[in-house]
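See below for the structure under consideration.
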Amino acid sequence: DSGVTQTPKHLITATGQRVTLRCSPRSGDLSVYWYQQSLDQGLQFLIQYYNGEERAKGNILERFSAQQFPDLHSELNLSSLELGDSALYFCASSVGDRYQPQHFGDGTRLSIL
Amino acid sequence: DQQVKQNSPSLSVQEGRISILNCDYTNSMFDYFLWYKKYPAEGPTFLISISSIKDKNEDGRFTVFLNKSAKHLSLHIVPSQPGDSAVYFCAATFSGSARQLTFGSGTQLTVLP
């Protein structure tokens, strides 16, 4: 158990819809990272928050957004969903942003029908 | 452009023998490298890391070697156990990237009893 909690584990929805994925980091971790794992792209970095502030953006679509709340949990919002958004979405957390490993949750599997 | 490459999609090893997983990178700015293990339906689990100021780091049965001049790192597992069967991901990051991880495509390790 990494200590990182992601909900829900599975989401099935339709094209055009909007979903919210939730992540609770390990106790004491200030950084939260979101990654997408799709069959053809592997694990790709989406966005990072540190203590409530956005720190870095990767290959995140404009239809996607995220935030980190004062209690340090984070949400990833995906809107106007397309078939190609079907993937595993992982959240990871770390204490800070230096030489420290990131610890991953078990992911949310999003299926778009 | 794949900045982190794992050229072997799969590797089979006999129980008790050494497993060697390889990873190459192209970005000379990377200064921190990590190995993760992933079982189906779970998130990546952190195994071991190494910073660029070292060339070796050991943790129990796991040793990571870094050859900066060749931009190559390897993970040695000795002795290999059936429970080590999983997908292994190499990842890299650098200080100017807010520590986002760039992952390789993974190597499926199968340890045969």
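Sequence lines set the chain letters: A, B, ... in the order given, protein chains first and strands last, and positions in each chain run from 1.
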>> Is A:Gln37 close to chain B through its backbone or its side chain, or both, or neither, when contacts mean heavy atoms under 4.5 Å?
In response: side chain
> Where does the angle between the aromatic ring planes of B:Phe94 and B:Phe30 fall among parallel (under 30°), tilted (30 to 60°) and perpendicular (over 60°)?
Replying inline: tilted
> So which of B:Pro44, B:Ser49, B:Gly104 has the biggest tally of heavy-atom pairs under 4.5 Å with chain A?
Replying inline: B:Pro44
> How would you list, by chain and number, every residue that makes a side-chain hydrogen bond (donor to acceptor under 3.5 Å, both in side chains) with A:Asp1, sequence neighbours excluded?
Replying inline: none
>> My understanding is that a hydrophobic cluster links ILVMFWY residues whose side chain heavy atoms are under 4.5 Å apart, including indirect links. Using that, what else belongs to the cluster containing A:Leu110?
In response: A:Leu11, A:Val19, A:Leu21, A:Val32, A:Trp34, A:Leu46, A:Ile47, A:Tyr49, A:Ile60, A:Leu61, A:Phe64, A:Leu76, A:Leu78, A:Leu81, A:Leu83, A:Tyr89, A:Ile112
> Going by residue number, which parts of residues 33-40 of chain B are within reach of chain A, meaning a heavy-atom gap below 4.5 Å?
Replying inline: B:Leu34, B:Tyr36, B:Lys38
> For residues 19-92 of chain A, which residue pairs qualify under disulfide bond (SG atoms under 2.5 Å apart), counting only residues two or more places apart or in two chains?
Replying inline: A:Cys23-A:Cys91
> Ion pair present between B:Lys68 and B:Asp55, side-chain N to carboxylate O less than 4.0 angstrom?
Replying inline: no
> Do the side chain of B:Thr93 and the main chain of B:Gln100 share a donor and acceptor less than 3.5 angstrom apart?
Replying inline: yes
>> Could you check whether atom NZ of B:Lys5 has more than 12 heavy atoms from other residues, nucleotides or ligands sitting under 6.0 Å from it?
In response: no
